[in-house]
Amino acid sequence: QVQLRESGGGSVQTGGSLRLSCAASGDNIRYCVGWFRQAPGKEREAVATIYNPGRSTFYTDAVKGRFTISADVAMSTVNLQMDSLKSDDSAMYYCAASTNVVCSSVSEAPYVYTDWGQGTQVTVSA
C-alpha cells in the first residue's frame, strides 16, 4: 500500500499559478503516479500522469501547455505546476499511485490506480 499526501492547493485568480505536491510513502513500487480532479457534478478525470518505463507523461488536452508534472527518481514526490489557470480548472485535485505494472498502458484511467490521497482544493476565480 502507498500512502499519499497532497499539498499546495488554494485560491488564485484567473491567469495565476499554483504548485501541487504529492508525497508518497510505502515500500511498494509505484509504476504510475497521477493527478486527477473532480468538480461538483462531474466525473473524476485525469489531469496529468507520469509513469514508467521512461518516466513518460500524459496530459489531458485541456491542460497541455499550461501544466507540468514532474517527479523524483523514486516517484516519492510528484509535483504538478499549474500556470495560466482558468476557472474551469477549479476542482478537488487528487494524487493517485498505481503499483500495477500494467498501469502504463492506461495511465489516464482512474481504475488502474490502487491508492489515493485525500485531495486538495483548487479554486480559480476572476
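- Remark: Phe36 engages Tyr113, Trp116 in a ring-ring contact (aromatic ring centres under 6.0 Å, His included) (not counting sequence neighbours).
- Within a 6.0 Å radius of CG in Asp72, other residues, nucleotides and ligands contribute more than 12 heavy atoms.
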Scan the side chains in residues 94-101 for donor-acceptor partners under 3.5 Å anywhere in the protein, sequence neighbours excluded, and list what turns up.
from   : atom 1 : to     : atom 2 : distance (Å)
Ser98  : OG     : Asn100 : N      : 3.1
Ser98  : OG     : Val112 : O      : 2.7
Asn100 : OD1    : Val102 : N      : 3.1

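- Residue Ser104 holds its OG atom at 13.5 Å from CZ of Phe58, rounded to the nearest 0.5 Å.
- Looking at Arg66, its side chain does come within 3.5 Å of a backbone N or O of Ser84 through a donor-acceptor pair.
- Partners of Thr77 under the side-chain hydrogen bond (donor to acceptor under 3.5 Å, both in side chains) rule, at least two apart in sequence or in another chain, do not exist in this structure.
- Rounded to the nearest 0.5 Å, atoms OG (Ser25) and CD (Gln1) are 9.5 Å apart.
- Smallest separation of non-hydrogen atoms from Ser56 and Pro53: OG-O, 3.5 Å.
- Heavy atoms from other residues, nucleotides or ligands lying under 6.0 Å from CZ of Arg5 number 12 at most.
- A salt bridge is defined here as a Lys NZ or Arg NE, NH1 or NH2 lying under 4.0 Å from an Asp or Glu carboxylate O, and Lys86 with Asp89 fails to meet this definition.
- As a member of the Ile/Leu/Val/Met/Phe/Trp/Tyr network built from side-chain separations under 4.5 Å, Met82 groups with Val12, Leu18, Leu20, Val33, Trp35, Val47, Ile50, Tyr59, Val63, Phe67, Ile69, Met75, Val78, Leu80, Leu85, Tyr93, Val122, Val124.
- Across every non-hydrogen atom of Lys42 and Gln38, the tightest pair is O-NE2, 3.1 Å.
- Residues Arg30 and Ser76 have side chains in contact (heavy-atom distance under 4.5 Å, counting atoms from C-beta outward).
- Arg37 places no side-chain N or O within donor-acceptor distance of the main-chain N or O of Gln121, the cut-off being under 3.5 Å.
- Between the CD1 atom of Ile29 and the CG atom of Asn52 there is a distance of 9.5 Å, given to the nearest 0.5 Å.
- From Cys22, atom SG reaches atom CD of Glu6 across 5.5 Å, with rounding to the nearest 0.5 Å.
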- Message: side chain to side chain contact (heavy atoms under 4.5 Å, CB included), that's the test. Do Asn79 and Ser70 meet it? Break it down for me.
- Response: CA-CA 5 Å; Asn79 297 316; Ser70 61; 3.7 Å; yes

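- Expressed to the nearest 0.5 Å, how far OG1 of Thr123 lies from CD of Gln13 amounts to 12.5 Å.
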- I would like to know whether Asp83 and Gln81 meet side chain to side chain donor-acceptor pair (under 3.5 Å); could you show each step before the answer? CA-CA 7 Å; Asp83 299 319; Gln81 178 66 39; 2.9 Å; yes

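- For the disulfide (SG to SG under 2.5 Å) condition, no pair includes a residue of residues 42-80, sequence neighbours left out.
- For residues 108-123, there are no salt bridge (charged side-chain N to carboxylate O under 4.0 Å, His left out) pairs, not counting sequence neighbours.
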